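Accompanying notes for the structure given below.
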2 protein chains.
Amino acid sequence: MAKTLKVPEATIKRLSIYMRVLKDLEKNGIEVISSAELAEICGVNAAQIRKDLTYFGEFGIRGVGYYVKELHFDIRKVLGLNQKRNLGLIGVGNLGKALASYRNFSDHGYNFVAAFDADKAKVGTTLPCGIDIYHIDKLKQLVPELNIEIAIITTPASAAQDAADAAIKAGIKGILNFAPVQISVPDGIRVKKVDLTTEFDNLAYHLFTS
Amino acid sequence: MAKTLKVPEATIKRLSIYMRVLKDLEKNGIEVISSAELAEICGVNAAQIRKDLTYFGEFGIRGVGYYVKELHFDIRKVLGLNQKRNLGLIGVGNLGKALASYRNFSDHGYNFVAAFDADKAKVGTTLPCGIDIYHIDKLKQLVPELNIEIAIITTPASAAQDAADAAIKAGIKGILNFAPVQISVPDGIRVKKVDLTTEFDNLAYHLFTS
DNA sequence: TGGTGTGAACAACTTCACAGCG
DNA sequence: CGCTGTGAAGTTGTTCACACCA
């Protein structure tokens with residue numbers, strides 16, 4: 001019985017992790033798992049897992065645990081990941097190329113369908129992974145045409161805001177921003193920033209301080 | 001007057017962001033900034049910034065704000081980022097190569113000094129960015145020799161745990177793990193996992209669910 | 001019996017509101 | 001006067017502990 005209390009942001013993040021682990025367990029033929037065992041693998045508290053799940057319903061069997069395959073399917077559905085998503089890459093540098101060819105994304109239903117760059121020398125060429133590179137001006141046309149839902153920005157910091165503006169004007173609703181700069185967007189558009197340097201800073205702090 | 005109350009994890013993460021913004025402001029010749037202005041740029045609450053800073057001392061001037069250059073320096077010091085760090089890359093695939101050549105890291109004092117891989121065909125060659133590739137067996141020797149402090153794991157999931165084990169045996173204390181798998185480590189070793197697929201999942205959830 | 005589902009206690013983090021200082 | 005620094009209030013997220021059920 002799905003309740004519609006507001007779901008903590010932290011819960012959403014963990015569900016995505018549970019899903020990955022369940023997928024793995026399923027592949028290895030594990031059929032049933034308890035919250036305690038799953039917690040151990042995911043590195044979280046067992047009550048946490050049970051509580052996370054109650055936001056969306058009851059999925060377990062008392063005295064037994066959870067059916068791996070079933071729970072995997074249910075979480076998938078809850079997260080809206082039971083369908084493929086088309087991605088557009090904006091900014092074809094080293095990082096962009098690496099992301100576009102990262103197998104793990106397509107394994108999870110995320111497919112790059114086009115790449116965009118301002119550099120005329122790159123436009124018209126094709127990435128090793130088979131994705132064509134278009135000029136940024138083509139966003140407006142290709143976003144609807146190829147049904148691109150999410151833009152991945154891997155431009156230099158100085159070009160990131162323009163890239164975001166162009167993507168939004170073309171109809172993009174979600175952006176994953178790898179450029180080391182905060183970009184501002186109108187209401188209704190969702191941006192996630194992935195700041196790798198921040199991760200280093202954090203690690204360094206914990207390693208070398210006090 | 002630095003107090004030694006425990007510092008929230010969330011505060012550490014934000015300090016790293018403030019620092020990046022302050023660095024930028026300094027470059028643009030801004031000399032003074034109020035918590036309200038800085039908050040606006042960072043997308044957080046002004047009181048949050050002031051509170052974050054109180055964990056480490058008093059850095060502002062009432063009625064005025066903060067001296068950009070000074071605050072930048074102080075946060076840098078607090079985070080232990082006032083010195084360079086040597087990184088070792090383990091797993092020379094597309095992602096690894098992209099990270100090693102990412103200018104933004106070296107701009108912030110993080111330098112890749114060696115790369116390691118199990119593939120004999122890669123060993124002995126040099127990356128475009130000038131970093132030599134060694135066999136994983138060389139970790140034990142080169143980690144102390146090159147003073148490598150942090151390992152960046154970009155191997156396939158199946159090789160990540162072995163890579164971590166080897167790095168730890170060689171004396172590494174901090175690991176940034178890009179492989180899509182949870183790795184387990186002994187006490188005293190710090191691991192940060194960067195899970196890019198999770199970021200997509202999160203974005204997709206917010207975009208396409210209720 | 002053993003493990004889920006969950007209210008209630010607890011802990012962590014954020015925001016408010018204002019005293020106090022430059 | 002304006003903006004910092006900070007106790008106190010408010011909010012959000014986590015863990016406990018146990019009733020309940022397969």
Side-chain angles (χ1 to χ4, degrees), chain A residues 1-18 21-22 25 30-72 74-75 78 202 205-206, chain B residues 1-18 21-22 25 30-72 74-75 78 202 205-206:
Chain A
M1 306 297 104
K3 294 155 195 174
T4 316
L5 300 167
K6 70 179 167 7
V7 182
E9 184 56 29
T11 291
I12 302 299
K13 284 186 190 153
R14 282 189 299 266
L15 285 178
S16 163
I17 294 167
Y18 304 159
V21 170
L22 287 166
L25 291 170
I30 312 290
E31 299 194 340
V32 176
I33 194 164
S34 68
S35 59
E37 293 166 320
L38 186 56
E40 167 70 22
I41 300 173
C42 300
V44 303
N45 181 292
Q48 181 84 81
I49 292 187
R50 298 200 300 275
K51 173 79 67 171
D52 284 341
L53 294 175
T54 61
Y55 289 104
F56 299 99
E58 303 193 3
F59 303 102
I61 295 158
R62 292 166 194 234
V64 178
Y66 302 87
Y67 287 117
V68 170
K69 193 170 178 178
E70 223 172 82
L71 186 59
H72 177 202
D74 289 336
I75 296 183
V78 156
N202 199 259
Y205 173 79
H206 286 106
Chain B
M1 307 297 104
K3 295 154 193 176
T4 316
L5 299 167
K6 70 178 166 13
V7 182
E9 184 57 27
T11 290
I12 302 300
K13 285 188 190 150
R14 281 190 299 267
L15 285 178
S16 164
I17 294 168
Y18 304 159
V21 170
L22 287 166
L25 291 169
I30 312 289
E31 298 195 342
V32 177
I33 194 165
S34 68
S35 60
E37 292 166 320
L38 186 55
E40 166 70 22
I41 299 173
C42 299
V44 303
N45 180 294
Q48 181 84 81
I49 292 187
R50 299 199 299 276
K51 173 80 67 170
D52 283 341
L53 294 175
T54 62
Y55 288 104
F56 299 98
E58 302 193 5
F59 303 103
I61 295 159
R62 291 164 197 239
V64 178
Y66 302 88
Y67 287 117
V68 171
K69 194 171 177 177
E70 224 172 83
L71 186 59
H72 177 201
D74 288 336
I75 296 183
V78 155
N202 199 260
Y205 173 80
H206 287 105

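Atoms considered below: every heavy atom in the structure, side chains included; atoms not considered: hydrogens, waters and symmetry mates. A, B, ... follow the sequence lines: proteins, then strands. Residue 1 opens every chain. Since the model is a prediction, treat every value here as computed from it, not as a measurement.
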Separation of atom CG in B:Leu71 from atom P in D:dC3, rounded to whole Å: 16 Å
- prompt: Which heavy atom of B:Ala36 sits nearest a heavy atom of B:Ala46, and at what distance?
  reply: CA-CB, 3.9 Å
- prompt: Are A:Tyr66 and C:dG5 close enough that a side-chain N or O sits under 4.0 Å from OP1 or OP2?
  reply: yes
task: From the options C:dC13, C:dG7, D:dG7, select the nucleotide whose nearest atom is closest to the side chain of A:Lys51.
output: C:dG7
task: Identify which one of B:Val32, B:Leu38, B:Leu53 satisfies the side-chain contact (heavy atoms from CB on, under 4.5 Å) criterion when paired with B:Tyr66.
output: B:Leu53
message: Looking at A:Tyr67, I want to see if its OH is surrounded by more than 12 non-hydrogen atoms of other residues, nucleotides or ligands under 6.0 Å.
response: no
task: May I have the distance from A:Ile61 (atom CD1) to C:dG5 (atom P), rounded to whole angstrom?
output: 9 Å
- prompt: Could a donor-acceptor pair under 3.5 angstrom be found where the side chain of B:Arg62 meets the base of D:dG2?
  reply: no
query: For the pair made of NZ in B:Lys13 and C1' in C:dC13, what is the distance, rounded to whole Å?
result: 12 Å
task: Quickly work out the A:Gln48 CD to D:dT15 P distance and round it to whole Å.
output: 5 Å
query: 5'-most contact on DNA chain C: A:Gly63 or A:Ala47, nearest heavy atom basis?
result: A:Gly63
message: Without decimals, in angstroms, what is the distance between A:Leu53 CG and C:dT4 P?
response: 10 Å
- prompt: Quick one: B:Asn45 CG to C:dT15 P, roughly how many Å, whole number?
  reply: 5 Å
query: Is the count of non-hydrogen atoms from other residues, nucleotides or ligands lying under 6.0 Å from B:Glu9 atom CD greater than 12?
result: yes
message: So, OP1 or OP2 of D:dT4: does either fall under 4.0 Å of a side-chain N or O from B:Ser35?
response: yes
- prompt: For DNA chain D, whose closest nucleotide is more 5', that of A:Arg50 or that of A:Ala10?
  reply: A:Ala10
task: Consider the side chain of A:Glu58, meaning its heavy atoms from C-beta on, and name the nucleotide among C:dT6, D:dG13, D:dG5 that approaches it most closely.
output: C:dT6
statement: Between the CG atom in A:Asp52 and the OG atom in A:Ser35, the distance rounded to the nearest 0.5 Å is 11.0 Å
- request: Grab the CD-P distance between A:Glu9 and D:dT14 for me, whole Å please.
  value: 11 Å
- request: Rounded to the nearest angstrom, tell me the gap between atom CG in A:Asp52 and atom P in C:dG5.
  value: 12 Å
- prompt: Closer than 4.0 Å, any side-chain N/O of A:Arg14 to the OP1 or OP2 of D:dT14?
  reply: yes
